[in-house]
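By convention in this document, chain letters (A, B, ...) are assigned in the order of the sequence lines, proteins followed by strands, and residues within each chain are numbered from 1.
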Amino acid sequence: MRKLIGFELHKLFARRLTQAAFLAVALVSALFTFYTYQNKYASYKGRQASGGEAVALDKEIAAKYEGVLTDEKVRQMMDELAPKSGPQGLNAIYLYQNAMQSAVSARFSDMYGNWNGLRVEDVFGEEEIRIGYVDGWIGASRDMEKSFVFLSFVILIMLAPVYSGEYGGVDNLILASRYGRTKCASAKALAGILAAVLVTAVMAALNVGAAFLLYGSQGLDCSILFAQLTLTEGYIPFNITCGALVGYQVLLSFAGAVGTAAVALVLSAVCRNPMAAMVASAAVCLAPALLPVPETGPLFRLLVLLPIYQMQFSSLMSVELLKAGVPYGMLALPVSAGLLAVGYGASGNIFARHEVM
Amino acid sequence: MERKTLEQKTLEEKTLELKTLELTKQYGRKKAVDCMSITLTEGVYGLLGANGAGKTTLMRLLCALQRPTGGRILLDGQSIGKLGEEYRDLLGYLPQRFGYYPDFRAIDFLLYMAALKGLEGKAAERKSWELLEEVGLSCEAKHRIKSFSGGMKQRLGIAQAMLNDPRILILDEPTTGLDPKERVRFRNLISAFSKGRIVILSTHIVSDVEFIAEKILVMKSGRIIHWGRPGEITSEIQGQVWECAVSTEQADRYVAGLNVSNLRNERDGHTVLRVVAAEKPMEDARIVEPNLEDLYLYYFQEQAAGKDDKWKGEDKR
């Protein structure tokens with residue numbers, strides 16, 4: 001069985017189209033990371049910096065205030081960081097000078113740059129908010145989100161020919177062989193799932209590794225809620241740390257990859273050629289994200305558990321917290337497990353039972 | 001009735017018996033295999049038939065690649081469907097058209113097929129190299145299959161079919177794309193391999209069947225219409241094969257009107273025609289010994305002459 005899985009993996013990764021698709025997505029992912037890093041900007045006490053220097057400056061500022069967010073810290077930050085009046089009369093809440101200033105202004109400033117009178121508990125309730133330099137990791141997570149959505153296309157391209165590619169004539173040989181209908185059919189499904197997990201692992205490793213290199217481990221224990229305005233607006237509204245954010249994201253991306261693989265395998269077994277299998281599985285996987293379903297409706301709560309939203313991750317993580325503070329998104333794990341079971345069983349079975357024509 | 005007679009003609013010794021009982025395969029209204037009952041024991045069987053006769057469908061049914069519409073296939077009394085892996089373990093199959101993995105090297109392809117057939121480790125490697133040697137591909141073992149010619153792919157296909165030392169070897173048009181030297185090599189390989197096994201091969205190249213097959217099955221419209229040993233089977237048309245010399249100018253007219261199995265131009269301006277006909281086709285015609293090609297023409301004259309349109313476009317069967 002191991003030998004057969006090895007051969008199937010070899011077939012999957014030897015395809016030029018798979019290699020090209022993966023390289024393209026890895027390149028796009030690297031570009032996202034580079035672009036985000038290069039566009040970092042910070043100004044503080046007359047110093048202006050961009051790129052790596054801006055990250056260093058933001059870290060330096062964050063180091064002065066890091067720890068649990070208190071009313072004293074808020075007042076101190078407002079005194080030291082908040083711009084008193086924006087140039088050309090801009091609303092101070094939306095002014096950006098550095099990450100920490102934007103985070104505090106967004107929540108505790110009025111439009112003139114004065115304290116808005118809100119206390120920490122008015123904004124965050126009873127939650128303990130640990131603050132620090134979180135922009136790097138939140139930015140990396142948002143880039144990773146896009147990369148994983150693209151990665152799901154790589155998985156579809158890679159797995160479309162697992163079974164359908166054999167219908168061109170090799171099925172004659174496979175199905176007439178001793179293990180063609182049994183171990184081989186299973187080995188194909190297992191290899192497909194394993195390949196999806198492997199490419200996801202590589203993509204996650206590349207992204208997380210790059211984030212470590214560029215931003216270090218600073219901020220991983222800090223809340224995602226106290227970040228610059230553009231990163232938190234419409235984003236996950238729960239008090240989780242950057243470390244937890246990345247952890248959930250990687251976990252859900254694996255779940256999404258497995259779910260996507262399951263759909264691709266079934267359609268590969270059903271369709272007679274790889275192109276049809278790829279188009280069909282792309283349509284099935286993307287459809288939930290394209291349906292005009294309001295995010296507040298009950299149907300959305302079901303659709304959001306499907307693989308494409310697991311890859312896209314932030315919508316899924318934004319639904320609600322379940323008991324014991326577990327994000328609703330974790331319900332996607334049993335959904336993917338179910339898809340995996342159905343995909344594994346059905347795809348092998350369809351292939352094993354098909355008649356050679 | 002058909003089955004009984006065939007059984008009488010098979011070898012007495014029945015260590016391995018593959019039997020079809022009223023086997024039928026229907027595609028829509030067309031019966032590709034029509035209520036066929038035959039018993040095959042050890043030996044080499046040549047399956048002769050025109051395009052669309054149902055040869056490939058029969059072979060696919062015997063390989064359990066297609067499910068019969070009716071009837072059963074039994075190996076030593078047990079349904080091949082129920083035997084499953086056990087049956088496929090005995091099977092070697094070379095399809096008429098088979099796919100391959102262009103980026104695989106020949107040796108990788110054989111090792112993959114060996115894994116599918118349950119051969120492991122060193123045994124798989126040894127057997128793969130041995131067969132590459134047998135089919136004359138050992139020097140190309142590490143070349144990618146996409147660089148192979150049609151004949152080389154066909155030889156690789158033959159090698160994969162024999163990997164598991166199958167006791168039932170089914171070869172659909174095995175000599176397609178092989179040059180004469182390779183065909184001789186193939187015939188020798190099959191002859192040496194066939195002892196104690198059931199080998200079924202279909203081909204349009206009548207001489208291949210003539211040389212290798214111990215028994216010949218003639219298939220038409222999904223049925224076996226005639227069978228026997230190569231020497232015996234032609235007795236059916238004894239006295240119906242003629243040779244006659246005509247002037248080269250007249251030859252075309254005769255070819256159009258008669259069932260001509262061969263035409264040979266002589267230096268003296270005459271053409272010698274070999275004609276399959278129940279009655280003497282012309283005054284100076286003389287009877288000659290029939291061969292398999294004559295027999296083929298006798299049964300498939302409509303298709304050979306392109307006179308029967310219903311056979312057109314059925315090549316896939």
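Salt-bridge annotation for B/Lys127 and B/Glu130: present, with a side-chain N of the basic residue lying under 4.0 Å from a carboxylate O of the acidic one. Taking a cutoff of 4.0 Å between a charged side-chain nitrogen and a carboxylate oxygen, B/Glu42 and B/Arg167 qualify as a salt bridge. By the 4.0 Å N-to-carboxylate-O rule, A/Lys3 lies too far from A/Glu8 to be salt-bridged with it.
No part of A/Arg15 comes within reach of chain B, as not one of its non-hydrogen atoms sits under 4.5 angstrom from that chain. Looking at B/Leu111, the atoms closer than 4.5 Å to chain A (heavy atoms on both sides) sit in the backbone and in the side chain alike. In this structure, the portions of A/Met357 lying under 4.5 Å from any heavy atom of chain B include both its backbone and its side chain. Only the side chain of B/Phe104 comes within contact range of chain A, with heavy atoms under 4.5 Å apart. Heavy atoms of B/Tyr112 lying under 4.5 Å from chain A belong to its backbone as well as its side chain. Residue B/Glu120: no heavy atom, backbone or side chain, is found under 4.5 Å from chain A. For a residue to count as touching a neighbouring chain, one of its non-hydrogen atoms must lie under 4.5 Å from one of that chain's; by this rule A/His10 touches chain B with the side chain only.
Not a single donor-acceptor pair under 3.5 Å links the side chain of B/Thr24 to the backbone N or O of B/Asp34. A donor-acceptor distance shorter than 3.5 angstrom exists from the side chain of B/Arg197 to the backbone of B/Pro166, with no hydrogens or angles considered.
Looking only at heavy-atom pairs under 4.5 Å with chain B, the residue among A/Glu166, A/Lys183, A/His354, A/Glu355 that has the most is A/Glu355. Annotation: maximal heavy-atom pairing with chain B below 4.5 Å, among A/Arg16, A/Arg353, A/Met1, occurs at A/Arg353.
With a 6.0 Å cutoff to the six-membered ring centre and a 45° limit on the axis angle, B/Lys153 does not count as a cation-pi contact of B/Phe148.
By the 6.0 Å contact criterion, CD on A/Gln38 is enclosed, its count of non-hydrogen atoms from other residues, nucleotides or ligands being greater than 12.
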